[in-house]
Peer 1: 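Could you have a look at this structure, given as structure tokens, before my questions?
Just follow the structure's listing: the first ligand is 1, and inside any ligand the first atom is 1. Given the structure is predicted, the values throughout are model-derived calculations rather than measurements.
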Amino acid sequence: MEQTRMISPMFKQIDPPQRFLMGPGPINAHPRVLRAMSADMLGQFDPEMTEYMNETMALYRQVFMTENQWTFLVDGTARAGIEAALVSLVEPGAKMLIVRAGRFGLLLSEIAERIGAEICTLDLPWGEVASLEQIEAALQEHKPQVLACIHGDTSTTMAQPLDGVGALCKKYDVLSYVDVTATLGGVPVCTDQWGIDVISGGLQKCMGGPPGSAPITISDRAAEHIMARRHVEAGIRSASLTDGQRPRIPSNYFDLAMVMDYWSEKRLNHHTEATTMLYGAREAACIVLEEGLENRFARHKTASTALIAGLRAMGLTIFGDDAHRMANVTGVWIPASVDGDKVRMRMRDDFGIEIGTAFGPLTGKIWRIGTMGYNAVKHKVLLTLGALEAALAAEGFKPPRGAAVDAAMASWP
Ligand SMILES: *Cc1c(COP(=O)(O)O)cnc(C)c1O
């Protein structure tokens with residue numbers, strides 16, 4: 001009896017199989033990021049550590065293309081960034097307009113419901129995006145305090161155009177939030193040009209890092225609104241710190257007012273900054289900026305264009321319209337004659353390549369193939385196409401042999 005309660009000493013050291021993660025995320029992290037994450041711990045007020053925090057803020061300002069002072073990391077996966085943004089921006093009872101065109105749009109309302117917001121929505125079929133006119137009409141109709149939407153919704157592989165959305169929100173005195181988890185570091189995220197107040201992302205897609213850190217950037221006007229909800233924790237209070245007048249943020253961990261105090265020169269302690277994740281996030285941003293944002297966007301575009309050329313040469317049909325397609329994850333219709341899951345299993349078991357399944361109304365209908373970050377490279381695209389061709393052939397769908405790889409190679413500049 002005693003023995004069954006003991007943890008077996010027989011579990012092996014972690015040694016996962018090598019796979020190409022060519023799905024909608026997570027993807028393979030850049031080895032440099034993994035190496036940075038094996039560096040030694042520092043105390044959280046060590047000047048080396050606070051310097052790394054300041055450097056991380058400076059790096060992510062460039063990644064987000066913004067001058068926003070408040071640009072830092074929320075500890076947790078991308079969803080932590082979304083939840084921190086919404087719970088800090090949206091007061092219970094506040095009216096919130098959510099653009100919903102896929103799984104992650106629905107997630108925004110799921111979170112907003114828990115906050116107790118009054119939700120109004122602009123709903124679109126999966127695979128479509130909202131026009132500026134539709135957004136303006138919804139702002140006029142609902143008069144919300146906050147607008148929230150997704151940039152690239154990986155569930156549909158479509159990217160919502162955001163040029164002009166910030167200006168519209170300012171015109172109607174609305175705070176704006178956008179989730180760029182899937183696009184950050186692979187597709188332009190033009191925070192200042194868009195004029196969006198709060199934007200959050202993640203590492204495990206185009207940033208080429210592991211899941212577990214959510215970079216966020218906050219405009220001064222949104223920071224002011226959040227700071228008006230500030231409520232300093234009892235144990236670290238001092239006479240010089242005053243609370244804001246607006247309702248307290250109903251989450252401690254995701255209270256961005258407290259997290260900003262921690263990332264400011266005040267260094268007012270909140271949770272312990274996730275040291276290892278900070279190392280990883282910092283290294284990921286260094287790699288992105290060393291490559292250069294424009295080069296990186298071009299590389300993602302090249303990889304997805306080649307992938308699409310290959311898929312089409314196989315006789316497959318791409319999901320959604322070309323005009324709004326994300327440049328880093330591609331949806332493709334599963335041919336009616338094959339079982340999509342069997343093809344995915346063959347790719348994983350025979351080739352060590354993972355591609356994605358789909359959610360909601362697209363379940364069983366499309367695969368999603370990612371070409372992101374460290375994986376948006378020629379050999380991985382060609383290997384994925386070759387493997388898919390063989391897996392499809394084994395399941396009875398006979399694509400013209402060799403055509404996919406040839407077409408992708410021809411498409412590569
Ligand atoms: C992948 C993805 C997420 C992931 O959130 P996690 O908490 O990191 O799992 C969030 N939003 C979008 C749009 C995504 O594509």
Peer 1: What part of K205 sits under 4.0 Å from ligand 1 if we count only heavy atoms: the side chain, the backbone, both or neither?
Peer 2: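 Just the side chain.
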Peer 1: With a 4.0 Å cut-off, would you call R229 and E224 a salt bridge?
Peer 2: no
Peer 1: What I want to find out is whether E67 reaches R61 closely enough, with some N-O distance under 4.0 Å, to be called a salt bridge.
Peer 2: no
Peer 1: I'd like to know whether Y60 forms a side chain to side chain contact (heavy atoms under 4.5 Å, CB included) with I216, so could you lay out the CA-CA distance, the side-chain angles of the two residues, the decisive distance to 0.1 Å, and finally the verdict.
Peer 2: CA-CA 8 Å; Y60 277 93; I216 191 167; over 6 Å; no
Peer 1: Just by distance, with hydrogens left out, do N68 and T217 show a side-chain donor and acceptor under 3.5 Å apart?
Peer 2: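 Note: N68 and T217 side chains meet the donor-acceptor criterion.
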Peer 1: Is D153 paired with R100 through a side-chain N to carboxylate O contact shorter than 4.0 Å?
Peer 2: no
Peer 1: Around atom 12 (C) of ligand 1, find the nearest protein heavy atom and jot down its residue, atom name and distance.
Peer 2: D179 OD2, 3.4 Å
Peer 1: What do you reckon, does G152 put a non-hydrogen atom under 4.0 Å from ligand 1?
Peer 2: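 Yes, that is the case, since the closest heavy atom of the residue is under 4.0 Å from the ligand.
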Peer 1: Compare every heavy atom of R312 with every heavy atom of D322, then report the nearest pair and how far apart it is.
Peer 2: OD1-NH2, 3.4 Å
Peer 1: Are H270 and W263 close enough that their ring centers fall under 6.0 Å?
Peer 2: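 Aromatic pair excluded; centres sit 6.0 Å or further apart.
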Peer 1: With respect to D153, determine whether any N or O atom, backbone or side chain, lies less than 3.5 Å from an N or O atom of ligand 1.
Peer 2: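 No.
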Peer 1: List the closest protein heavy-atom neighbour of atom 10 (C) of ligand 1: residue, atom name, distance to the nearest 0.1 Å.
Peer 2: F104 CE2, 3.5 Å
Peer 1: Closer than 4.0 Å to some heavy atom of R79 - which atoms of ligand 1 meet that?
Peer 2: 5 (O), 6 (P), 7 (O)
Peer 1: Numbering the atoms of ligand 1 from 1, which are under 4.0 Å from a heavy atom of A182?
Peer 2: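 That gives atoms 15 (O) of ligand 1.
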Peer 1: Any idea which protein heavy atom is nearest atom 9 (O) of ligand 1, and the distance to it?
Peer 2: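 Of the protein heavy atoms, Q204 NE2, 3.9 Å lies nearest.
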Peer 1: When you look for heavy atoms under 4.0 Å from ligand 1, do you find them on the side chain of P211, its backbone, both, or neither?
Peer 2: neither
Peer 1: Just let me know how T77 lines up against ligand 1, side chain, backbone, both or neither, with a heavy-atom cut-off below 4.0 Å.
Peer 2: both
Peer 1: Within a distance under 4.0 Å of any heavy atom of I150, pick out the atoms of ligand 1 and give their elements.
Peer 2: 13 (C)
Peer 1: Show the nearest heavy-atom pair for residues R32 and C286, with the distance to one decimal.
Peer 2: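 Smallest heavy-atom distance, with atoms named: NH2-CB, 4.2 Å.
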Peer 1: How far is atom 15 (O) of ligand 1 from its nearest protein heavy atom, and which residue and atom is that?
Peer 2: T154 OG1, 2.5 Å
Peer 1: Looking just at side-chain N and O atoms, do D163 and Q193 make a donor-acceptor pair shorter than 3.5 Å?
Peer 2: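 A donor-acceptor contact under 3.5 Å links the two side chains.
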Peer 1: Quick one: does A78 get an N or O within less than 3.5 Å of an N or O on ligand 1?
Peer 2: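 Yes, there is a polar N/O contact under 3.5 Å.
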